[in-house]
Amino acid sequence: MSSSNAPSPPPSYTSTSRGELRLSIILGQDDLWRHKPKYQEIVRRARDAGLSGASVWRGVEGYGASSHIHTTRLLDLADGLPVLVIILDDPPRVRAFVEAIAELLTQATVTLEDVERVRVVEGPA
């Protein structure tokens with residue numbers, strides 16, 4: 001067997017991690033801010049503030065203070081579904097951002113959690 005047919009060694013990977021703060025905002029998909037969805041305004045402001053990233057997740061079922069279940073299972077109840085906005089960054093930047101967008105959070109559930117962000121790259125350290 002020639003060396004050209006030998007399998008190549010598997011790639012190596014290096015990971016690094018650092019502590020960050022995760023901001024989670026739960027609101028209704030129909031919640032508006034100046035005629036636009038609130039979650040869009042939150043993501044826009046996060047980008048403008050230079051935060052490392054924001055993601056929006058749409059829920060399929062949930063309930064809040066009213067205890068009324070909103071679901072995608074029944075067409076007539078498909079309004080008011082939950083939306084989750086997640087933002088990760090350095091703790092002081094996230095805390096400052098929460099203060100800056102307080103006007104958007106009056107009817108939202110907001111949590112802050114310490115997390116460890118892991119970055120994996122191909123190659124040696």
Side-chain angles (χ1 to χ4, degrees):
M1 180 183 248
S2 71
S3 63
S4 64
N5 291 334
S8 16
S12 62
Y13 297 92
T14 304
S15 66
T16 58
S17 66
R18 69 182 200 165
E20 292 193 345
L21 195 62
R22 177 176 55 214
L23 167 61
S24 299
I25 304 167
I26 302 170
L27 41 97
Q29 74 176 8
D30 300 326
D31 293 351
L32 299 177
W33 175 256
R34 298 186 178 162
H35 309 291
K36 292 185 180 179
K38 272 190 185 180
Y39 64 86
Q40 287 181 354
E41 181 66 14
I42 293 168
V43 169
R44 185 191 66 76
R45 290 189 191 189
R47 185 202 57 210
D48 292 350
L51 296 177
S52 64
S55 296
V56 178
W57 302 86
R58 182 171 292 154
V60 295
E61 187 167 282
Y63 73 92
S66 72
S67 296
H68 179 77
I69 294 177
H70 302 274
T71 180
T72 58
R73 290 181 291 158
L74 301 171
L75 200 53
D76 61 340
L77 295 177
D79 62 338
L81 291 171
V83 173
L84 171 64
V85 180
I86 297 178
I87 298 170
L88 293 174
D89 210 312
D90 294 322
R93 293 173 54 100
V94 172
R95 290 183 188 284
F97 182 68
V98 169
E99 293 301 318
I101 66 164
E103 63 193 347
L104 298 172
L105 305 176
T106 57
Q107 295 179 331
T109 298
V110 180
T111 63
L112 295 170
E113 299 97 10
D114 290 319
V115 296
E116 183 176 358
R117 181 187 291 225
V118 177
R119 182 170 181 245
V120 179
V121 294
E122 190 173 340

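Throughout, residue positions are numbered sequentially from 1 according to the sequence presented.
- Judged by distance alone, the side chain of Ser52 and the main-chain N or O of Leu88 form a donor-acceptor pair under 3.5 Å.
- In terms of modelled atom types and a separation under 3.5 Å, the side chain of Thr14 and the main chain of Val121 share no donor-acceptor contact.
- Side-chain contact between Arg45 and Phe97: present, with at least one pair of heavy atoms (C-beta onward) separated by less than 4.5 Å.
- Within a 6.0 Å sphere centred on CH2 of Trp33, heavy atoms belonging to other residues, nucleotides or ligands number more than 12.
- Nearest heavy-atom pair, Gly50 versus Asp89, reported as atom, atom and distance to 0.1 Å: O-OD2, 4.2 Å.
- At a threshold of 4.5 Å between side-chain heavy atoms, the hydrophobic network of Ile, Leu, Val, Met, Phe, Trp and Tyr places Ile25 and Leu112 in one connected group.
- Counting only heavy atoms from C-beta outward, the side chains of Leu51 and Leu23 never approach each other to under 4.5 Å.
- For Glu41 and Arg44, the salt-bridge test passes: some basic side-chain N is under 4.0 Å from an acidic carboxylate O.
- No more than 12 heavy atoms of other residues, nucleotides or ligands sit less than 6.0 Å from atom CD of Gln107.
- Comment: Glu20 engages Arg18 in a salt bridge, judged by a side-chain N to carboxylate O separation of less than 4.0 angstrom.
- From Leu32, atom CG reaches atom CD of Gln40 across 9.5 Å, with rounding to the nearest 0.5 Å.
- By the 4.5 Å side-chain criterion applied to Ile, Leu, Val, Met, Phe, Trp and Tyr, Val120 is assigned to a cluster that also includes Tyr13, Val118.
- Taking the side chain as every heavy atom from C-beta outward, Ile42 and Leu27 approach each other to under 4.5 Å.
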